[in-house]
Amino acid sequence: MARNKNMLSPYWRNVITRVTLIVASVVIIVWFLPRNSGPQFRYDVKKPWMYSSLIANFDFPIYKTDETIQAEKDSLTNHFEPYYNFREEVETEQIARLTNNFKSGIPGVPADYMSIIVDRLHRLYEAGIIRTPEYSKLAKDTMNMVRVVSGKTAQTTPINCFYSTFAAYEKLLSDEKLAPYRQALQRCNLVDYIQPNLVYDQERSETERNDMLSSIPIASGMVLSGQKIIDRGEIVDEHTYRVLSSFEREMKRRSASSSTLSSTITGQIIFVTILMALFTIYLALFRNDYFEKPRAITMLYVMITAFPIMVSLMMEHSIFSVYALPFAMTPIFVRVFMDSRTAFISHVIMVLICAAAVKYQYEFIIIQLVAGLVAIYSLRELSLRAQLFRTAFLVTLSSGIIYFALQLMQDNSILQMDHDMYKYFIVNGVLLLFAYPLMLIVEKTFGFVSNVTLIELSNTSKDLLRKLSEVAPGTFQHSIMVGNLGAEIANKIGAKAQLVRTGALYHDIGKMYNPAFFTENQAGVNPLNKMKRPDAAQIVISHIAEGLKIAEKYNLPTVIKDFISTHHGQGKTKYFFISYKNEHPKEEVDESLFTYPGPNPFTREQAILMMADTVEAASRSLPEYTEESISALVNKLIDGQVEEGYFEDCPITFHDINVAKQVLIERLKSIYHTRISYPELKKKA
């Protein structure tokens, strides 16, 4: 009894699971949503003001834009005069070195020229020498000035009054008296005695620069309390945009309190909780089976959560326009792996949550809803790359057209429309193409199998199917026939035809282990006839277990393995079972020796495969192929499966089963070329 008290009922487990999904999604989304306080106006340059007349209820400055402030800073920086310290000791030290190193004169130069060299060096040092890299940077504009600090005074001097170390050396060698001895002077490396005596004062220069930049005013005017800012319907120009931005900035500064932040977060929590709860209720009412697949339900909530996070980050950091994000990926993935209705609901919920973070909510919602609907309509099943190119093109085109229509309704003038948005729609379309490679990641992460993967698996030149065709050619041909029959049935009743076809190709791969024991691979000799009935039955039944082993070895998806284990369900090997009972009428038969391990089919596609497999195999044993014999066989076999309860665990209807019968009858008639029976002419008596 104690154990039962501690165990939760399935009902409460479901409730806890769904509440956990809602809470986790809400916490993650709200954590990233921007914390906007104060009135949230949506406006832009050249767009009409959509709200009522706005009157300032307090004085506030009109702040300059960041671009304007940066331009003013750049202008001041360009005219800034850096500080350089004049070091007199450099001249004394270098001339002393020169005279000491060349006491007996410079080789190749008259002895009395030493005084001329010293004099010319003195003139250069007196003018001032700056390091060549620094001088080159300053001399780009000959109007640049520097402040030379000597003692306690600082004198402003044009940059072209000084020399760089390289220019000073050239000046020395090109002197009219020293020029004839240029080569001799070069050999003694006079450049070593030309050192900068104007040294950049970094501390003083940076302090002066910062003081100058900090003096730039961040505002250019005031708005007084009671002054009208803008009226409804007026077009927002550059000046009004700055006034509105300044008003919002001042409102945020005045209302930046913990109570305001708390109310903002509370509103976001309520908003997101309602939407996520509505989505969860939809799943509970119409797609309750998804909750039985943890990875499938995880994908849905991850898809809905991921894009609001990306939008919030982009709006917070002004990275790029949110219209460049491929929102249509969510309905594409949900449509391909699940169904259209869930794809649409997921897209609507995601877009509404994203709208809480964007600027123009009405415009954003309309454009993204249209894009999502176009994606769902144009991509029912993704099987070719070309389909995704078409979808991306249609999504881009539809987004552009609906945005153009919205602009016509608002601006009424094509010349005044904002054309920058269209480039974001193009980027969106290009990014949407990445859905194809991302699909593989989604498949592996959340355990789905797309049509693309099914088509790749159904390639008969792949290793496993090629091996099947070589080892068990009869089984291979049987599998192809079953796939064709099953796919046609699936198309008629709206099931997944490609899934049935691929499952059929692999459903009998276990027969590769002992191919000669199965009639389709035999050439007149059946080794099972020489064995005891239970042993023969076990060999036939073993192809299920062997097939699952092979499927595991080749990493086949779980959905394909399910076809292997369910295509006989929990049925019996009737030939051996009935033969054994006839041979031992008084013996209690152990039915488990003749029963397949199952389970019975639990999807419509598996039920289709069971019917097609049974009928195709049995049709080979008909003594003659007439319309009556084929119809009788199909009805007998499928009605028997229904009576034995093979389809009780799958959502297939009686209508679907009747359609399957008709397809099988017509296809078998076509395969075996049945003809009507011609009447014989009666002889006259």
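All heavy atoms count here, side chains included; hydrogens, waters and symmetry mates do not.
In this structure, Ile28 and Ile309 approach most closely via the heavy-atom pair CG2-CD1, 3.5 Å. Scanning all heavy atoms of the two residues, the minimum distance from Pro294 to Thr298 falls at O-OG1, 2.6 Å. Minimum interatomic distance between Pro601 and Cys650 (heavy atoms only, all atoms of both residues): O-CB, 3.6 Å. Counting all heavy atoms, side chain and backbone alike, Asn600 lies closest to Thr566 at O-CG2, 3.9 Å. The two residues Ser346 and Ile304 come nearest to each other via the heavy atoms O-CG1, 4.0 Å. What you find for Arg242 and Tyr63 is that their closest heavy atoms are NH1-O, 3.3 Å.
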Checklist entry - Taking it one step at a time, do Lys661 and Met611 satisfy side chain to side chain contact (heavy atoms under 4.5 Å, CB included)? => result CA-CA 9 Å; Lys661 287 180 182 179; Met611 289 185 283; over 6 Å; no
Next on the checklist: Apply side chain to side chain contact (heavy atoms under 4.5 Å, CB included) to residues Leu499 and Val559 and explain how you reach the verdict.
Outcome noted: CA-CA 9 Å; Leu499 177 58; Val559 69; 3.8 Å; yes
Item to check | Val370 vs Leu373, side chain to side chain contact (heavy atoms under 4.5 Å, CB included): CA-CA, chis, key distance, verdict | outcome: CA-CA 5 Å; Val370 170; Leu373 285 171; 5.8 Å; no
Next on the checklist: Between Met276 and Ile353, is the side chain to side chain contact (heavy atoms under 4.5 Å, CB included) condition met? List the steps.
Outcome noted: CA-CA 9 Å; Met276 294 306 300; Ile353 294 175; 3.7 Å; yes
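Note on ring orientation: taking the six-membered ring where Trp is involved, the planes of Phe448 and Phe446 are tilted (angle from 30° to 60°).
Gln641 has its side chain within reach of Met610: a pair of non-hydrogen atoms, C-beta onward, lies under 4.5 Å apart. Within the 4.5 Å cutoff, the side chain of Val19 has heavy atoms near those of the Val15 side chain. A 4.5 Å side-chain heavy-atom check between Leu300 and Thr342 finds at least one atom pair inside the cut-off. A 4.5 Å side-chain heavy-atom check between Thr280 and Phe291 finds at least one atom pair inside the cut-off. Using a 4.5 Å heavy-atom cutoff, the side chains of Leu556 and Leu464 are in contact. In this structure, Tyr424 and Val322 have side chains that are not in contact, with every pair of non-hydrogen atoms separated by 4.5 Å or more. No side-chain heavy atom of Leu468 sits under 4.5 Å from any side-chain heavy atom of Asp508. Side-chain atoms of Val442 and Met303, non-hydrogen and from C-beta on, do get closer than 4.5 Å to each other.
Screening residues 296-315 for ring pair (Phe, Tyr, Trp, His ring centres under 6.0 Å), with sequence neighbours left out, gives Phe279-Tyr301, Phe307-Phe327.
Other residues, nucleotides and ligands contribute only 12 or fewer heavy atoms inside 6.0 Å of the CZ atom of Phe344.
If you take CG on Asn451 and CG on Leu457, they are separated by 11.0 Å, rounding to the nearest 0.5 Å. The distance from the CD atom of Glu443 to the OG1 atom of Thr453 is 3.0 Å, given to the nearest 0.5 Å. To the nearest 0.5 Å, atom CD1 of residue Ile230 and atom CD1 of residue Ile235 are 8.5 Å apart. Expressed to the nearest 0.5 Å, how far CE of Met315 lies from CE of Met310 amounts to 15.0 Å. Remark: Ile16 CD1 to Leu21 CG distance equals 12.0 Å, nearest 0.5 Å. To the nearest 0.5 Å, atom CG of residue Leu438 and atom CZ of residue Phe333 are 5.0 Å apart.
The six-membered or imidazole ring of His507 lies near that of His478, with a centre-to-centre distance under 6.0 Å. Taking the six-membered ring where the residue is Trp, the centroids of Tyr506 and Phe563 are separated by 6.0 Å or more. For an aromatic pair to be called close, the ring centres must be under 6.0 Å apart, and Tyr403 with Tyr422 satisfies this.
Checking Thr391 against Gln387 by side-chain atom types alone, no donor-acceptor pair falls below 3.5 Å. A donor-acceptor contact under 3.5 angstrom links the side chains of Ser340 and Arg335, judged on distance only. With hydrogens and angles left out, the side-chain atoms of Thr65 and Thr68 include a donor and acceptor closer than 3.5 Å. Under 3.5 Å, the side chains of Tyr323 and Ser399 contain no donor-acceptor pair of N or O atoms.
A distance-only check finds a donor-acceptor pair linking the side chain of Asn491 to the backbone of Ala487 [under 3.5 Å]. Although no hydrogens or angles enter the test, the distance criterion places a donor-acceptor pair under 3.5 Å between the side chain of Gln268 and the main chain of Pro34. Checked by atom type and distance alone, the side chain of Thr305 never pairs as donor or acceptor with a backbone atom of Val302 at under 3.5 Å. Looking at Ser565, its side chain does come within 3.5 Å of a backbone N or O of Asp562 through a donor-acceptor pair. For Thr240 (side chain) and Val236 (main-chain N/O), no donor-acceptor pair under 3.5 Å exists by modelled atom type. Looking at Glu605, its side chain does come within 3.5 Å of a backbone N or O of Lys496 through a donor-acceptor pair. Gln361 contributes a side-chain N or O that, together with a main-chain N or O of Ala355, makes up a donor-acceptor pair within less than 3.5 Å. Looking at Gln606, its side chain does come within 3.5 Å of a backbone N or O of Phe602 through a donor-acceptor pair.
Remark: Arg466 engages Glu470 in a salt bridge, criterion side-chain N to carboxylate O under 4.0 Å. Using a 4.0 Å cut-off between charged nitrogen and carboxylate oxygen, Lys669 and Glu666 count as a salt-bridge pair. With respect to Glu552 and Lys561, a salt bridge is recorded, a charged nitrogen being found less than 4.0 Å from a carboxylate O.
For Tyr290, the ring-ring contact (aromatic ring centres under 6.0 Å, His included) criterion is met by no residue, not counting sequence neighbours. By the salt bridge (charged side-chain N to carboxylate O under 4.0 Å, His left out) test, Asp339 is found to be paired with Arg287, residues two or more places apart in sequence or in another chain being considered.
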